[in-house]
Enquirer: 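Below is one structure. I have some questions about it.
On a predicted model such as this, the values are computed, not experimentally measured, just so you know.
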Amino acid sequence: MGGLLFFFTYYASPEYTDVGYEPDQPISYSHKFHVGTLGLDCRYCHSFVETSAEANIPATEKCMNCHQNIQKNSDELKKLKDTWNHAENIEWIKVHMLPDYAYFDHSVHINSKIGCASCHGRVDQMEKVMQVEPLSMSWCLDCHRDPAKHIRPDNVSVTQMDWVASDEHEEKMNEYIKIHKISPPEDCTACHR
C-alpha cells in the first residue's frame with residue numbers, strides 16, 4: 001500500500017507530469033530567435049503582463065506589426081500571413097497552465113520585480129517553449145517564503161533572461177524586504193479564491 005501511495009504521490013505530481021511539456025504549436029515560433037537573437041522584450045508580445053492577471057498570448061496583428069515588412073519566404077511565415085489574410089487568430093496552445101482552482105496574477109509578480117526566467121526558464125534559449133518548473137503549490141510557496149533571490153534590482157529588467165542573483169544580492173534583497181515590509185502571502189486564500 002505504501003508503494004502505491006508513493007507511486008501516485010510522485011508520478012502524479014506536477015514535477016513529473018508537467019515539467020518538460022512542450023506542445024507543437026500551429027506555427028513554429030522560435031523564442032530563441034525572437035528573444036535571444038533579436039532581443040525582443042517579453043512585454044512586446046505579452047503586452048498586458050504588467051497590468052493583468054493573465055499573460056496574454058499575442059494576436060496575429062501583433063506578429064504582423066513586423067512581418068508585414070519582413071518578406072522572408074518560409075512555410076511558417078506563409079501560415080501566419082494566411083491567418084492574417086483570412087482575419088483569423090492563431091490558435092496557440094497554452095504551455096504554462098495552472099488548475100482552475102488556483103489564482104495567479106502576473107502583474108503582481110512582474111511589478112514586484114520577479115523576473116520572467118524565475119518561472120519560465122531561459123525562454124531566450126528555447127526554439128519551442130516548454131515548461132521548466134512544476135508550478136506546483138509547494139514550488140510557489142518556496143518562493144513566497146524566500147523571494148530574495150528572485151527579486152530583481154532596479155537596474156536589471158525583469159525580462160533579462162541571463163541574470164543570476166549573487167550572494168550579495170540576496171543579502172541586499174533580504175534587507176530590502178525587511179525595510180519595505182514585503183510579505184508574500186502564504187495563506188490558502190492568496191491562491192485559492
Side-chain angles (χ1 to χ4, degrees), residues 13-23 25 29 31 34-35 40-63 89-126 128-165 169-170 172-193:
S13 74
E15 286 183 72
Y16 191 79
T17 59
D18 298 352
V19 171
Y21 177 59
E22 184 181 33
Q25 297 291 349
Y29 176 87
H31 278 77
H34 289 85
V35 179
L40 285 180
D41 188 298
C42 304
R43 296 167 293 194
Y44 177 72
C45 296
H46 304 286
S47 52
F48 302 129
V49 75
E50 293 174 297
T51 58
S52 171
E54 297 279 326
N56 62 301
I57 295 173
T60 305
E61 289 85 356
K62 182 66 76 171
C63 304
N89 271 321
I90 302 161
E91 295 294 326
W92 299 108
I93 299 167
K94 191 172 181 178
V95 177
H96 299 88
M97 294 176 280
L98 293 177
D100 290 339
Y101 55 80
Y103 175 77
F104 176 83
D105 189 328
H106 268 90
S107 66
V108 168
H109 291 80
I110 293 296
N111 293 313
S112 297
K113 302 190 288 185
I114 304 298
C116 301
S118 290
C119 300
H120 298 290
R122 293 292 306 271
V123 173
D124 63 320
Q125 297 176 346
M126 297 180 192
K128 223 165 63 166
V129 171
M130 68 181 239
Q131 186 170 326
V132 297
E133 299 292 352
L135 308 182
S136 64
M137 185 170 80
S138 63
W139 181 82
C140 292
L141 281 170
D142 286 345
C143 185
H144 276 224
R145 290 177 181 139
D146 186 19
K149 64 182 165 214
H150 299 285
I151 298 174
R152 300 291 178 94
D154 289 333
N155 64 338
V156 177
S157 171
V158 294
T159 62
Q160 185 178 332
M161 293 285 147
D162 61 353
W163 180 80
V164 177
H169 170 78
E170 286 191 53
K172 288 177 189 173
M173 286 301 111
N174 280 321
E175 188 62 30
Y176 176 87
I177 288 167
K178 283 180 194 171
I179 291 169
H180 295 284
K181 296 179 175 65
I182 296 171
S183 179
E186 295 177 38
D187 61 279
C188 301
T189 59
C191 302
H192 304 290
R193 299 177 178 185

Enquirer: Please report the shortest heavy-atom distance between N89 and E61, naming the atom on each side.
Expert: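 Between these two residues, the closest heavy atoms are OD1-OE1, 3.9 Å.
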Enquirer: Parallel, tilted or perpendicular: which one describes the rings of F104 and H109, with boundaries at 30° and 60°?
Expert: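 Aromatic pair F104/H109 classed parallel.
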Enquirer: How long is the span from the CD1 atom in I177 to the CG atom in D146, to the nearest 0.5 Å?
Expert: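 That separation rounds to 7.5 Å.
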Enquirer: For residues S52 and D105, report the shortest heavy-atom separation together with the two atoms involved.
Expert: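 Where S52 meets D105 most closely, the heavy atoms are O-OD1, 3.6 Å.
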Enquirer: Spell out, as yes or no, whether a donor-acceptor pair under 3.5 Å connects the side chain of R152 to the backbone of Q160.
Expert: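 Yes; at least one donor-acceptor contact below 3.5 Å.
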Enquirer: Check the angle between the aromatic planes of H106 and H120 and answer parallel, tilted or perpendicular using the 30° and 60° thresholds.
Expert: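 Rings of H106 and H120: parallel, as their planes differ by under 30°.
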Enquirer: Do I151 and I114 have side-chain heavy atoms sitting under 4.5 Å apart?
Expert: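 With C-beta onward as the side chain, the pair touches.
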Enquirer: Is the shortest side-chain heavy-atom distance between H34 and Y44 below 4.5 Å?
Expert: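 Counting from C-beta outward, H34 and Y44 never come under 4.5 Å.
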Enquirer: Rounded to the nearest 0.5 Å, what separates atom CE in M130 from atom NE2 in H31?
Expert: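 Rounded to the nearest 0.5 Å, the CE-NE2 separation comes to 13.5 Å.
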Enquirer: Just how far is it from atom CD of E54 to atom OG of S107, taken to the nearest 0.5 Å?
Expert: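 The distance works out to 10.5 Å.
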Enquirer: Quick check for you: to the nearest 0.5 Å, what is the distance between Q125 atom CD and D162 atom CG?
Expert: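 Those atoms lie 8.5 Å apart.
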Enquirer: Does any part of the side chain of E50, heavy atoms only, come nearer than 4.5 Å to the side chain of V158, both counted from C-beta?
Expert: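 No. Closest side-chain heavy atoms not under 4.5 Å.
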Enquirer: Take C116 and M161 through the test side-chain contact (heavy atoms from CB on, under 4.5 Å) and record every step on the way to the result.
Expert: CA-CA 7 Å; C116 301; M161 293 285 147; 3.8 Å; yes
Enquirer: Can you tell me how the ring of Y29 sits relative to the ring of W92, calling it parallel under 30°, perpendicular over 60° and tilted otherwise?
Expert: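 The arrangement is perpendicular - the two ring planes meet at more than 60°.
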Enquirer: For the CD1 atom of I90 and the SG atom of C63, what is their distance to the nearest 0.5 Å?
Expert: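 The distance works out to 4.5 Å.
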Enquirer: Just verifying a value: how many Å separate Q25 CD and E91 CD, rounded to the nearest 0.5 Å?
Expert: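 Those atoms lie 11.0 Å apart.
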Enquirer: What I'd like to find out is whether the side chain of V95 reaches to under 4.5 Å of the side chain of E22, using heavy atoms alone.
Expert: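 No - every pair of side-chain heavy atoms lies 4.5 Å or more apart.
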Enquirer: Can you give me the closest heavy-atom contact between C45 and N56, atom names plus distance?
Expert: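 In terms of heavy atoms, the two residues are closest at O-ND2, 3.5 Å.
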Enquirer: Mind checking whether C119 and W139 have side chains closer than 4.5 Å, heavy atoms only?
Expert: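 The answer is yes, as the side chains (C-beta and beyond) meet within the 4.5 Å cut-off.
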Enquirer: Hey, are the side chains of Y176 and P153 touching, using non-hydrogen atoms and a 4.5 Å cut-off?
Expert: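 Heavy-atom side-chain distance check fails, nothing below 4.5 Å.
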Enquirer: side-chain contact (heavy atoms from CB on, under 4.5 Å), that's the test. Do C143 and E133 meet it? Break it down for me.
Expert: CA-CA 12 Å; C143 185; E133 299 292 352; over 6 Å; no
Enquirer: If you take all heavy atoms of N174 and A148, which pair is closest and at what distance?
Expert: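 Shortest heavy-atom separation between N174 and A148 comes out as OD1-CB, 3.4 Å.
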Enquirer: Contact between V129 and P23 at the side-chain level, heavy atoms closer than 4.5 Å - yes or no?
Expert: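 V129 does not reach P23 side chain to side chain.
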Enquirer: For a 4.5 angstrom cut-off between non-hydrogen side-chain atoms, does D154 reach K113?
Expert: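 Sidechains of K113 and D154: in contact.
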Enquirer: For R193 and Y103, work out which heavy atoms get closest and say how close.
Expert: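 Nearest pair, atom of R193 first, then Y103: NH1-CE2, 3.1 Å.
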Enquirer: Begin from the C-alpha positions of D18 and H96 and carry the test side-chain contact (heavy atoms from CB on, under 4.5 Å) through to its verdict.
Expert: CA-CA 9 Å; D18 298 352; H96 299 88; over 6 Å; no
